[in-house]
Amino acid sequence: MKLTTPFLALFLGIASLAPASEATPINADAALKKLKAGNQRYLSGHAIHPDQSFSRRAEVAKTQHPFAVILDCSDSRLSPEIIFDQGLGDLFVVRVAGNVIDDHALGSIEYAVEHLGASVVMVLGHQRCGAVKATVDAGAVEGHIKSIVKSIQPAVNKIKGQSGDAVDNAVRENAREVAEQLRNSKPVVAHWIHEKHGKVVPAYYSLDSGKVISLD
Ligand SMILES: [Zn+2]
């Protein structure tokens with residue numbers, strides 16, 4: 001049997017003949033729309049698990065163009081590719097308990113916006129975050145967890161006296177504060193925003209519903 005070129009390409013998973021996907025950068029509003037649509041599919045039980053095929057792996061093996069950066073908590077219940085129904089090469093993910101930033105996290109984000117073309121950075125806090133709760137509870141914490149608590153403390157101080165659930169209020173405030181730190185981060189991210197190459201947005205994930213809401 002003579003194999004046709006497309007069949008051979010499919011069989012071998014040759015990247016250049018794989019279906020076109022997100023190689024062209026999209027703007028921040030389109031990126032946010034894409035995240036929102038993916039989250040909607042996930043929470044309604046209609047996830048399509050895009051970009052997880054053999055051909056997608058081949059397509060992104062040599063290069064990547066993630067359309068969004070997600071800075072979220074390491075918590076096991078909010079994996080970005082799952083809650084936004086995305087796949088390989090779609091999201092550049094930075095995860096640390098309490099979704100706070102240090103120089104390593106910041107350097108990672110700078111790389112994604114400057115060199116990979118991501119057009120949105122989402123700082124994603126979440127319901128019942130253990131790192132935020134530890135900070136609100138103000139008990140003794142061990143080892144390097146102290147460093148995370150120290151980073152979350154300003155948000156906890158700011159929500160003191162507010163009505164409602166203290167942990168939930170602090171989660172939201174912390175995501176907003178981290179987003180603000182990023183927006184003012186010089187030279188790279190602040191310049192990237194100033195040049196209108198992208199946006200930083202704080203958001204909140206509900207463990208109960210699976211829904212992500214904007215905090216802007
Ligand atoms: Zn958390």
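All figures in this text were calculated on a predicted structure; none of them were measured in a lab. Numbering of ligands and ligand atoms starts at 1, following listing order.
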Note to self: Considering only residues two or more places apart or on different chains, which pairs with a residue in residues 138-151 satisfy side-chain hydrogen bond (donor to acceptor under 3.5 Å, both in side chains)?
What the structure shows: none
Margin query: For residues 191-202, which residue pairs pass the side-chain hydrogen bond (donor to acceptor under 3.5 Å, both in side chains) check, not counting sequence neighbours?
Written below: D29-K199
Check: In terms of side-chain geometry, is the basic nitrogen of R183 or D216 positioned less than 4.0 Å from the acidic oxygen of its partner?
Finding: yes
Note to self: For the residue pair K34 and F67, would you count it as a cation-pi contact if the rule is NZ or CZ under 6.0 angstrom from the ring centre and within 45 degrees of the ring axis?
What the structure shows: yes
Checklist line | Heteroatoms of the protein, restricted to N/O/S, which lie under 2.8 Å from the Zn ion (ligand 1) | finding: C73 SG, H126 NE2, C129 SG
Margin query: Per the salt bridge (Lys or Arg N to Asp or Glu O under 4.0 Å) rule, what does the pair list look like for residues 102-128, sequence neighbours excluded?
Written below: R128-D208
Item checked: Distance-minimising heavy-atom pair for G98 and N174 -> O-ND2, 2.9 Å
